[in-house]
2 protein chains.
Amino acid sequence: MAEEMLDALDRAGVRLTGPRRRLAALIARREGHFTAADLVKDVGRRRLGIGRATVFRLLELLGEQGLLERIDLPDGSHAYIPCEPTHHHHLVCLECGTTTDVGDCGIEAVTREAARRSGFTIEQHRLELFGRCPNCSSAN
Amino acid sequence: MAEEMLDALDRAGVRLTGPRRRLAALIARREGHFTAADLVKDVGRRRLGIGRATVFRLLELLGEQGLLERIDLPDGSHAYIPCEPTHHHHLVCLECGTTTDVGDCGIEAVTREAARRSGFTIEQHRLELFGRCPNCSSAN
DNA sequence: AACACATATGAGACAGAGTCTCAATACCGT
DNA sequence: ACGGTATTGAGACTCTGTCTCATATGTGTT
């Protein structure tokens, strides 16, 4: 997972620096979504001495490579989810933060229908699903 | 439109104060989506002397009444759209900012399918469509 | 029409997210 | 090992949104 990110960065032609390796490791060991602030806190807790700006810069880089996607939580804050660089949507557990990807579940048909009704040309869409994961639903 | 908002506020049992009336008028004359900052700027330009906090407070109130919905633009910033208080989704023109509502276009089926595949219990979803409105598409 | 009091207001402090600058550092091809 | 360039950390800065609190303003009652 951390390897995967570093490979992608290498392929993108950026340098594999110490801070980037350490951050990749931190991200890899996270589960579910996390915010930039979470990462910054991790950095502080482990006294890695990595600056805030560097954290944001890596998040942006990984986003560009499609290895991380930024989602908008229901409360309006931003979070990141590690994921494959293919088009898909996210299912976020509101209780434990776990996320799962779901591929195309017929959303294409929905956007086509919306385009037909409105006359709009649709260029991008965002679908986010929130609920409870199997664990949290049953634990209840 | 401004009337509609004021009626709703009245029904909600809040006071119809001067600042609220003036803000409702400002919102009513806007087209498409707008940000809190846009409104604050309007207030400043017209020297209405309405505080920032009051603007945010009214946006929240109108949101609670379902007359305004907050959406997340692709760039991560927040905007508001005046709309009817029924469940629906938004189509946002990336060029001129116009928005249109689309009702249920089959999204229910999509969420059911995602729930089946993942085992999640889905509680809420957010679908936002971005593209170009008929005008902007033809103007090209 | 005036009252009484809860609600709303504006100003500005505050908190948090994210960006920018810049001098110092560290990667990496040669 | 070297040199040029990309990257870094620190901290200033901007922007969004929230909070506090003393003051002002609606509104139901009289």
Legend entry - B:Asp10 CG to D:dG26 C1', straight-line distance once rounded to whole Å: 12 Å

Inset, instruction - Return yes if some donor-acceptor pair links the side-chain N/O of A:Asp38 with the main-chain N/O of A:Thr35 below 3.5 Å, else return no. - result: yes

Legend entry - N or O in side chain of A:His78 less than 4.0 angstrom from C:dG18 OP1/OP2: yes

Legend entry - Any side-chain donor near an acceptor of the partner, B:His33 and B:His78, under 3.5 Å: no

Inset, instruction - Please determine, by modelled atom types, if B:Ser118 and A:Thr100 share a side-chain donor-acceptor pair under 3.5 angstrom. - result: no

Legend entry - Value in whole Å for how far the P atom of D:dG17 lies from CG of B:Leu39: 11 Å

Legend entry - Gap between atoms OH and P, on A:Tyr80 and C:dA17 respectively (whole Å): 11 Å

Inset, instruction - To the nearest Å, give me how far apart CG (A:Asp38) and C1' (C:dG16) are. - result: 13 Å

Legend entry - B:Leu16 CG - D:dT25 P separation (whole Å): 16 Å

Inset, instruction - Start with the C-alpha gap between B:Asp72 and B:Arg126, add the side-chain angles, then the distance that decides, and say whether salt bridge (charged side-chain N to carboxylate O under 4.0 Å, His left out) holds. - result: CA-CA 10 Å; B:Asp72 298 287; B:Arg126 169 195 290 156; 3.4 Å; yes

Legend entry - Trace of the side chain to side chain contact (heavy atoms under 4.5 Å, CB included) decision for B:Ile50 with B:Arg22: CA-CA 9 Å; B:Ile50 297 174; B:Arg22 277 171 267 150; 4.1 Å; yes

Inset, instruction - Using atom CG of A:Leu58 as one end and atom P of C:dT19 as the other, report the distance to the nearest whole Å. - result: 13 Å

Legend entry - Distance-minimising heavy-atom pair for B:Ala36 and B:Val55: O-CG1, 4.4 Å

Inset, instruction - Without swapping roles, check the side chain of B:Ser77 against the backbone of B:Leu73 for a donor-acceptor pair under 3.5 Å. - result: no

Inset, instruction - Please step through side chain to side chain contact (heavy atoms under 4.5 Å, CB included) for the pair B:Leu94 and A:Gln124, ending with a clear verdict. - result: CA-CA 10 Å; B:Leu94 293 169; A:Gln124 47 177 309; 4.0 Å; yes

Legend entry - Residues A:Asp101 and A:His89: side-chain donor-acceptor under 3.5 angstrom: no

Inset, instruction - Provide, to the nearest angstrom, the distance between the CG atom belonging to A:Asp72 and the P atom belonging to C:dA17. - result: 15 Å

Inset, instruction - Give the rounded distance in Å between these two atoms: CG of A:Leu6 and P of C:dC27. - result: 13 Å

Legend entry - Terminal axes of the helix from C:dA1-D:dT30 to C:dT30-D:dA1 (five pairs each): angle between them, nearest 10 degrees: 40°

Inset, instruction - Scan nucleotides 5-13 of chain D nucleotide by nucleotide, 5' to 3', and note B when protein non-hydrogen atoms come under 4.0 Å of the base, S if they reach only the sugar-phosphate, - if neither. - result: BBSBBB---

